[in-house]
Structure formats: C-alpha cells, structure tokens
Amino acid sequence: MTDSINKFKPPANCLDEKKVLITGATGGLGSALAKRAAQLRATVILAGRNLPVLEALYDEIELIHGIQPALFPVSQETATQQDYAELATTLKNEFGELHALVHCAAQLGMPTPIEHYPEKMWNDVMQVNVNSAFLVTRALLPLMQSTGNASIVLTTDHRQTAFWGAYGASKAALDAFTLILADEISGKVGPSGHPSVSVNAVNPGAMRTRLRAKSFAGELPKESPLPETKVDALIHLISRQDPSLHGEILSL
Ligand SMILES: NC(=O)c1ccc[n+]([C@@H]2O[C@H](COP(=O)([O-])OP(=O)(O)OC[C@H]3O[C@@H](n4cnc5c(N)ncnc54)[C@H](OP(=O)(O)O)[C@@H]3O)[C@@H](O)[C@H]2O)c1
C-alpha cells in the first residue's frame, strides 16, 4: 500500500477547485505541500504563527500559480476552541466546503530525560502537537462531512525511546487519535460507499527541515531528503486516490 502511495505521480489539476487547509504552513513539509497543492490547482488555506513568512508564502503561491490562497494566522499554543469555531464559520461563508485538512504544525521540545523535562515545555508540545490538532479537527469536521469525499491527514513520527520526551509521547497520542476518530466516522459513508471523510496519519520519515536539524544537530543537511520528495504521497491521500484508505498509520 505504502509503495503505491510513495510512487504516486499526481495528474495535473488533480486538486482543481479543492480547498485544502494546512497547519504549520510555514514549516518545511507544510510549505512544500502548500506550493505543490497550489500547483495542482488547489485553493490552499495557510495556517501559521509567523505572519510575515505566511504573507511571503501567500505572495509566492499567488504569483507562481495564479490562485489566491487564504491565510489563517494562529498560534496553536494559545488558540482556543473559539478561534477554531470562527475559522470554521469563515471557511463555510467564504468557500462553503473544505476537502482536506493536513496537520503539519509540530514542536520538538528538547531532547531531555523525563526526570528533568520542564513542565511548560511538555505542556506546550502537547498543546501544539495533540490538543490543537484535536481542536482544529473537531471544529472543521462538520464542514468536511458536508463537503463529502474529504480527507484529514495527521503527520506523525515514531519516537518512543529515551529523551524524545513530549514529542515522542505526543506522536503516540496522535496515532491513537487518528485510529479513534477513523473508527468513529467509518460508518458515515458518502455516495461512493466509503467514509465521507478519510482519516489517516503519515510518518513522512526523515526530511531536511528545521525540526530535523534541531533533533539531529550533528547530521549534514544533505543526509535527509527534501520535504518536496514527500508531498506527492500526501497529495495521494488528500485527493483520495484510494477512497478505501482510512484509519491507517502509514510510513513513507
Ligand atoms: N523533519 C522530519 O525529519 C520529520 C520526521 C518525521 C515526522 N515529521 C513530522 O512532519 C511534520 C512537519 O514537520 P517539519 O519537519 O516540516 O517541521 P518544521 O519545519 O519545524 O515545521 C513545523 C511547523 O510547525 C509550526 N509550529 C510550531 N509551533 C507552532 C505554534 N505554536 N503555532 C502554530 N504553528 C506552530 C512551525 O511554525 P514556524 O514556521 O513559525 O516555526 C512550522 O511551520 C511534523 O508533524 C513532524 O513531527 C518530521
């Protein structure tokens, strides 16, 4: 299964008219995905906490691909369910539909033994990596269900060894969240007979991003592939090439 996803070459325009929200859109994977989705004709909604970087990405996408993105400036450390409810209302009013939600926002925290792990850092990592993923998903699920044939993708990692601390624990929680949500909505089928919203988690593997540089400080950048090499696999899920793909935790 992963093999066909890894080898997927998206047809041109395969996201035509699709609305795709990406959290962590200014990050390595998030920005590569946003640009690729726009190239395939999606309207991308860029969520991120750094407004100047978000605006530069907005300009680049609009200039190169000629499709106007939307911006959702947000700090996922502090945003509340009210902020996400307002986002859902805005998306409903502006677009009337949402085809994909891809969670790329993540914090690494710091490699530290649990014994010495700072409480604030633990809470911040959990807030961004797990709690806000829950809040965004819960707020946008009704719009995605009414859109039908939609897709939620969570980005995970498998780090359950010493010193991965809150990051490792948060990703294990995200895997569980994926499976629980997928199970809950698997009976809500669309016209195709498949779930109206698919829910899957993807471990993209090593990528040359800030998160990787922080976690493997001694590694040369060229030792990890660029995030651009991973995004077509995410496009496979977003565009629901295999509509039966649901409740999976995939490793690229
Ligand atoms: N890179 C790898 O080797 C690797 C391996 C396995 C899994 N993954 C997963 O892949 C996903 C993408 O990671 P990446 O490598 O692209 O990392 P990245 O370049 O560090 O991007 C992470 C993104 O999360 C955003 N973010 C962090 N805290 C936030 C907050 N409080 N509010 C809003 N946004 C916040 C960052 O915003 P700023 O741009 O403002 O900092 C950035 O856009 C993550 O889920 C990660 O766990 C990565």
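Both ligands and their constituent atoms are indexed starting at 1 by order of listing. Just the heavy atoms: all of them, side chains too, but no hydrogens, waters or symmetry mates, feed the values below. Treat the numbers as computed from the prediction; the structure is a model and nothing was measured.
When each of L174, N203, T156 is checked for a side-chain contact (heavy atoms from CB on, under 4.5 Å) with I249, only T156 meets the rule.
L226 shares a hydrophobic cluster with no other residue; no ILVMFWY side chain has heavy atoms under 4.5 Å from its own.
Residue pairs meeting the side-chain hydrogen bond (donor to acceptor under 3.5 Å, both in side chains) criterion with at least one partner in residues 225-241, sequence neighbours excluded, are R36-D232, S239-Q241.
Among protein residues, G24, T26, G27, G28, L29, R49, N50, V74, S75, Q76, E77, C104, A105, A106, Q107, V128, T155, T156, D157, Y167, K171, N203, P204, G205, A206, M207, T209, R210, L211, R212 come within 4.0 Å of ligand 1, judged on heavy atoms.
Residues L234 and V202 are in side-chain contact: their nearest non-hydrogen atoms beyond the backbone lie under 4.5 Å apart.
Between the side chain of H99 and the backbone N or O of K19, at least one donor-acceptor pair lies under 3.5 Å.
Taking Y117 as the reference, W122 meet the ring-ring contact (aromatic ring centres under 6.0 Å, His included) condition, with sequence neighbours excluded.
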